[in-house]
Amino acid sequence: MTIYAQLPIVAAIVVYIVDVSGFTQSWRDALARKLKVRELRPLKPFDCGQCMTWWTCLIYSICVDFSLLAVAESAALSLLSVTIAAALLFIREGSLWIF
């Protein structure tokens, strides 16, 4: 499987973890309780789906097979992170309706 087919999978995993699952919000809440503060400032890129998609895809493409096309695909996937999140939510709601 080429890197161009792997990057959308990486982007979908990152968007699921950051935006859909609520994992980042739960660790931010736990960290705020531990530090005894009311609310934490946004910690980009860790709680931003678009930023995290960009950096994860970029680092993955550098480690696997770096090319300008892979960088462009990383940028396009980070731009589409909101659309990917909506598609994942659509799949989840559709599967709940079916089952």
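One-based numbering along the sequence shown.
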Per-pair distances, 0.1 Å, donor-acceptor, side chain in residues 90-99, under 3.5 Å, sequence neighbours excluded:
unit_1: S95; atom_1: OG; unit_2: I91; atom_2: O; d: 3.3
unit_1: S95; atom_1: OG; unit_2: R92; atom_2: O; d: 2.8

Please tabulate, for side-chain N and O atoms in residues 56-65, each donor-acceptor pair with protein atoms closer than 3.5 Å (sequence neighbours left out).
unit_1: T56; atom_1: OG1; unit_2: M52; atom_2: O; d: 2.7
unit_1: Y60; atom_1: OH; unit_2: Q6; atom_2: OE1; d: 2.6
unit_1: S61; atom_1: OG; unit_2: C57; atom_2: O; d: 3.2
unit_1: S61; atom_1: OG; unit_2: L58; atom_2: O; d: 2.8

Flag yes if [X] and [Y] sit in one hydrophobic cluster, no otherwise; membership is Ile, Leu, Val, Met, Phe, Trp, Tyr, and two members link when side-chain heavy atoms are under 4.5 Å apart.
| X | Y | result |
| --- | --- | --- |
| V10 | V15 | yes |
| I17 | V82 | no |
| L79 | L88 | no |
| L89 | F23 | yes |

Results of side-chain contact (heavy atoms from CB on, under 4.5 Å) for [X] - residues two or more places apart only:
| X | value |
| --- | --- |
| A5 | M1, T2 |
| A86 | none |
| R33 | D29, A30 |

Gap separating the CD atom of Q50 from the CG atom of D19, nearest 0.5 angstrom =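 The CG atom of D19 is 9.5 Å from CD of Q50, to the nearest 0.5 Å.
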Do [X] and [Y] have side-chain heavy atoms sitting under 4.5 Å apart?
| X | Y | value |
| --- | --- | --- |
| R28 | D47 | yes |
| F66 | I3 | no |
| L7 | L77 | yes |

Is the backbone of A32 close enough, under 3.5 Å, to the side chain of R38 for a donor and an acceptor to pair up by distance?
->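 A pair under 3.5 Å: no.
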Taking all heavy atoms of V18 and all of C48, pick out the closest pair and write down the distance.
->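 The answer is CG1-C, 3.9 Å.
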Quick one: do V14 and W54 satisfy side-chain contact (heavy atoms from CB on, under 4.5 Å)? Show the steps, please.
-> CA-CA 10 Å; V14 169; W54 162 252; over 6 Å; no
Could you list all the side-chain hydrogen bond (donor to acceptor under 3.5 Å, both in side chains) pairs where at least one residue sits in residues 67-83, not counting sequence neighbours?
->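 Matches after skipping sequence neighbours: Y4-S67.
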Above 12 or not: heavy atoms from other molecules or residues under 6.0 Å from CG of L35?
->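 It does: L35 CG has more than 12 such atoms within range.
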